[in-house]
Amino acid sequence: MSLGFGGKCVKYGENENCVLYEYYAYDWNVEKCSNPDRVYDGLIKIEKSAFIEPEIHQKIKRRPSGRKIHATKRIERDVPISEYFTNGKVELVNSSFCGRIRDGHGYVGLRLINEIF
C-alpha cells in the first residue's frame, strides 16, 4: 500500500567538483501537487568530496563441501547529511510539487539524497 507520494531523480550533469541531479516529486494527497506530467523541476547538487566509499572486507570462507571461496562484504558507512547541508556540500532546490516539507526541504528530495548516498 502506498502513502501517495514519491519521486525519481536522474543524473543531470557532472564536473570535476560536483554532481547535479534533477528530480520530480508528486503527492497525490494534495491536489496541486499531483504532478501528472512528471515534470523534473527539483535540483540536487552534491560535491564529490562528500561521497564516502564503503569499507570492503574480503576473506576466504570454507564451504560445506570443503571448497574455499573468496567472500566480499561491503560495510556501509553513516553519512552526516545534516553537516553537509550546513557546510554547503549538499544543496537542495525543492520541486514545486513537493507537498511535505521538513526543515525547509521537501521530504521527497531528502529521501532521494539518502538513496544517492
Side-chain angles (χ1 to χ4, degrees):
M1 189 164 163
S2 173
L3 294 175
F5 63 92
K8 180 181 176 181
C9 71
V10 293
K11 192 176 191 179
Y12 181 69
E14 177 179 359
N15 62 18
E16 62 275 351
N17 297 329
C18 65
V19 181
L20 291 173
Y21 295 91
E22 62 180 0
Y23 77 97
Y24 71 82
Y26 62 87
D27 191 349
W28 294 330
N29 301 318
V30 181
E31 181 73 27
K32 65 178 183 163
C33 298
S34 63
N35 195 5
D37 298 328
R38 303 295 188 245
V39 178
Y40 285 88
D41 61 347
L43 188 67
I44 299 170
K45 178 184 170 191
I46 302 174
E47 289 186 12
K48 286 188 176 180
S49 62
F51 290 109
I52 299 173
E53 294 292 325
E55 291 183 34
I56 306 292
H57 291 256
Q58 294 180 344
K59 65 179 184 178
I60 297 174
K61 289 179 83 174
R62 186 176 298 269
R63 306 282 288 186
S65 64
R67 254 180 92 191
K68 294 180 183 177
I69 61 167
H70 291 279
T72 304
K73 186 179 195 181
R74 289 179 56 147
I75 299 176
E76 301 293 331
R77 296 184 183 179
D78 290 332
V79 179
I81 295 175
S82 60
E83 288 181 20
Y84 288 164
F85 272 113
T86 58
N87 295 341
K89 291 187 175 187
V90 175
E91 295 178 19
L92 174 66
V93 177
N94 288 333
S95 170
S96 59
F97 297 101
C98 63
R100 299 167 190 244
I101 294 180
R102 183 176 63 180
D103 299 331
H105 301 293
Y107 186 74
V108 174
L110 293 174
R111 292 290 304 256
L112 291 172
I113 289 172
N114 282 332
E115 290 297 318
I116 291 170
F117 279 106

So with a 6.0 Å cut-off around CD of E76, is the heavy-atom count from everything else above 12?
-> yes
If you take all heavy atoms of I69 and R63, which pair is closest and at what distance?
-> CD1-CD, 3.6 Å
Does L20 share a hydrophobic cluster with V10, counting links as ILVMFWY side-chain heavy atoms below 4.5 Å and allowing steps through other members?
-> no
List the atom of Y21, the atom of K11, and the distance in Å for their closest heavy-atom pair.
-> CD2-CA, 3.7 Å
For residues I56 and R74, determine if any side-chain heavy atom of one lies less than 4.5 Å from a side-chain heavy atom of the other.
-> yes
Can I44 and Y12 be said to form a side-chain contact (heavy atoms from CB on, under 4.5 Å), step by step?
-> CA-CA 9 Å; I44 299 170; Y12 181 69; over 6 Å; no
State the NZ-NZ distance between K89 and K45, to the nearest 0.5 angstrom.
-> 13.0 Å
Is there a side-chain contact (heavy atoms from CB on, under 4.5 Å) between H57 and E55 once you walk through the steps?
-> CA-CA 6 Å; H57 291 256; E55 291 183 34; 3.3 Å; yes
Counting N and O atoms only, with roles assigned by atom type, does the side chain of K48 sit under 3.5 Å from a partner on the main chain of N15, one being a donor and the other an acceptor?
-> yes
Can N17 and E47 be said to form a side-chain contact (heavy atoms from CB on, under 4.5 Å), step by step?
-> CA-CA 6 Å; N17 297 329; E47 289 186 12; 5.9 Å; no
Go through the steps to decide whether F51 and F117 satisfy the test ring pair (Phe, Tyr, Trp, His ring centres under 6.0 Å), and finish with yes or no.
-> CA-CA 7 Å; F51 290 109; F117 279 106; 5.3 Å; yes
Euclidean distance, T72 OG1 relative to H70 NE2, rounded to 0.5 Å = 8.5 Å
Atom CG of N114: over 12 foreign heavy atoms under 6.0 Å | yes
Does any non-hydrogen side-chain atom of Y23 lie less than 4.5 Å from one of N94?
-> yes
Is it true that Y26 and Y40 fall in one hydrophobic cluster, defined by side-chain heavy atoms closer than 4.5 Å?
-> yes
Give the intermediate values and the outcome of side-chain contact (heavy atoms from CB on, under 4.5 Å) for residues Y84 and I46.
-> CA-CA 9 Å; Y84 288 164; I46 302 174; over 6 Å; no
Is it the case that more than 12 heavy atoms not belonging to R77 sit under 6.0 Å from its CZ atom?
-> yes
Single-linkage hydrophobic cluster V108~I116, side-chain heavy atoms < 4.5 angstrom | yes
When clusters are formed by joining ILVMFWY residues with side-chain heavy atoms under 4.5 Å apart, either directly or through shared neighbours, do L43 and I113 land in the same one?
-> no
Do you reckon L110 sits in the same ILVMFWY cluster as I52, going by side-chain contacts under 4.5 Å, direct or chained?
-> yes
